[in-house]
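Comments concern the structure below.
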Amino acid sequence: MALTTLQTTDPITRFPPDFVWGVATSAFQIEGAADADGKGPSIWDRFCRRPGTIADHSDGRQACQHYLRWEADLELIASLGVNAYRFSVSWPRVRPGGSGSWNEKGMAFYERLVDGLLARGIQPHLTLNHWDLPDELQAAGGWAARDTVRHFVEYAQGMAARLGDRLASITTHNEPWVISVLGYETGVFAPGIRDRAAAMQASHHLLLSHGLALQALRAEGGPAKLGIVLNLSPVHAATASLADLARARLEDGRLLRWYMDPLFKAAYPQDVVEYLGADAPQVGPGELSTIAGRLDFLGINYYARSVVSAAGPWDVHSSGREITAMGWEIYPEGLTELLLRLQRDYPLPPIYITENGAAFKDVLVNGRVHDHQRTDYIVRHIAALAEAICLGVQIEGYMVWSLLDNFEWASGYEKRFGIVHVDFQTQARTLKDSALWYRAFLQRQMAGRAGGPAPAIGA
Ligand code: FCB
């Protein structure tokens with residue numbers, strides 16, 4: 001389908017009138033102000049200083065200077081016409097050591113942000129843990145240590161007590177698979193540990209702290225919907241060989257069932273437990289039923305499918321499909337496939353797509369970024385989402401990753417995911433063509449809302 005067709009023809013005529021349309025960011029990737037106003041160091045502050053960890057040797061000390069420029073950034077978000085903004089709180093900004101005293105200046109920043117969103121008619125969707133654990137807690141073992149669970153629950157309670165009455169949703173953790181596997185097993189992300197047993201114990205502590213935090217937040221009451229965000233993909237075998245199929249099943253277990261089964265079935269998948277052997281986590285009595293507490297929503301971050309081969313890494317070029325600057329294959333139908341599979345296998349709550357987007361080699365020329373590939377990516381994924389809705393999956397929101405070009409973890413500033421371009425020298429923000437498309441698309445969506453009942457999906 002040509003892009004020109006896509007620009008004039010929306011993926012579907014109308015999404016439901018109360019559909020949540022947003023943009024997403026995370027604290028460490030945009031805020032900068034690494035030690036301003038009493039903020040403590042996070043594991044990412046430390047990790048960036050370790051030689052060889054970040055592709056362009058950069059760090060998050062400045063990032064998008066959002067801590068200073070938050071008000072102009074709120075105007076930017078409002079100008080897009082979204083009705084939701086997903087952001088995260090930097091735990092060491094509000095509680096520098098992870099436990100102990102709270103930092104009022106840090107708290108006040110998030111209060112201004114939330115009030116500023118509400119004043120502009122934008123729902124605040126807050127994530128508690130988007131990876132920047134207070135460094136002091138890492139010194140005591142980080143997520144591999146049981147005490148971190150208790151500290152996280154206290155942190156969740158503190159944030160809910162301060163802001164809970166004004167939030168549309170609270171997410172406990174963003175992508176526990178990434179924290180556990182990339183942080184503790186392969187070590188390519190902070191804290192840079194290579195120990196599979198520690199990784200699996202960390203994954204269990206993340207899930208347990210999620211369950212306990214949800215219990216504590218429910219007890220406090222408040223309007224915010226409570227949930228967790230997982231990075232999920234369909235896992236395909238590179239060939240139909242028995243070895244590849246077995247490998248794909250194991251990967252599906254480690255990526256998807258390892259999180260979905262405890263959350264929705266109060267059990268870890270037996271095949272993965274057996275595969276892990278002595279590296280399987282210690283699980284205390286009653287902990288699995290705590291993890292499986294009721295969710296108000298499940299957040300899903302979707303970027304690509306995963307293809308595995310028993311012989312070694314799969315060559316992403318072999319499918320002949322387009323790939324992004326991250327080297328990720330563009331595979332929108334994987335989103336529909338994933339959602340239908342989850343619907344088949346689990347008793348799902350409403351779903352938000354909390355991240356979806358792509359990095360490309362953007363160029364800013366005369367104040368414009370013609371990022372047609374990004375627009376095309378977003379359009380095709382919204383269409384895949386619409387198909388899942390038509391097939392009966394209850395999806396209530398979609399958020400583009402990301403609002404701004406930002407610090408893309410181990411890739412530094414080399415990979416640009418924003419629908420808004422950031423010049424990291426001047427901090428100038430420029431709407432890319434994808435942002436202009438999103439704004440026009442949302443205007444058409446919202447226009448349908450004003451004039452009586454919206455036509456059915458697919459009409
Ligand atoms: C996700 C992260 C997000 C961003 C995107 C590209 O895994 O949640 O912070 O880095 O990938």
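Because the structure is predicted, anything quoted here is derived from the model rather than measured. First listed ligand is number 1; within each ligand, the first listed atom is number 1.
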Hydrogens and angles aside, do Gln123 and His125 bring a side-chain donor and acceptor to less than 3.5 Å of each other?
yes

What I want to know is whether Trp328 and ligand 1 share at least one N or O pair that is separated by under 3.5 angstrom.
no

Ignoring hydrogens, what is the shortest heavy-atom contact between Asp371 and Ser434? Give both atom names and the distance.
OD2-OG, 2.5 Å

Going by atom types only, do His210 and Thr172 share a side-chain donor-acceptor pair under 3.5 Å?
yes

Check for me whether His130 has a heavy atom closer than 4.0 Å to any atom of ligand 1.
yes

If you have a sec, work out which protein heavy atom is nearest atom 3 (C) of ligand 1 and how many Å separate them, to one decimal?
Glu355 OE1, 3.3 Å

Do the ring planes of Tyr155 and Phe152 sit parallel (below 30°), tilted (30 to 60°) or perpendicular (above 60°)?
perpendicular

Side chains of Gln427 and Arg429: any donor to acceptor distance under 3.5 Å?
yes

Mind checking whether Met326 contacts ligand 1 via backbone (N, CA, C, O), side chain (CB onward), both or neither, at a 4.0 Å heavy-atom cut-off?
neither

Which residue and heavy atom of the protein sit nearest atom 5 (C) of ligand 1, plus the separation:
Tyr303 OH, 3.3 Å

Heavy-atom side-chain contact between Asn174 and Asn301 under 4.5 Å
yes

Which residue and heavy atom of the protein sit nearest atom 10 (O) of ligand 1, plus the separation:
Glu408 OE1, 2.8 Å

Gln29 to ligand 1: N or O pair under 3.5 Å?
yes

Under 4.0 Å, heavy atoms only, figure out whether ligand 1 is touched by the backbone of Asn174, its side chain, both or neither.
side chain

Could you tell me whether Arg305 sits above the aromatic face of Tyr331, with NZ or CZ closer than 6.0 angstrom to the six-membered ring centre and within 45 degrees of the axis?
yes

I want to know if ligand 1 touches Trp409 in the polar sense, i.e. an N/O pair below 3.5 angstrom.
yes

Ring center gap for Tyr303 and Trp401 short of 6.0 angstrom:
no

Of all the atoms in ligand 1, which lie at a distance below 4.0 Å from a heavy atom belonging to Phe417?
6 (C)

Which residue holds the protein heavy atom closest to atom 7 (O) of ligand 1, what is that atom called, and what is the gap in Å?
Glu175 OE1, 2.5 Å

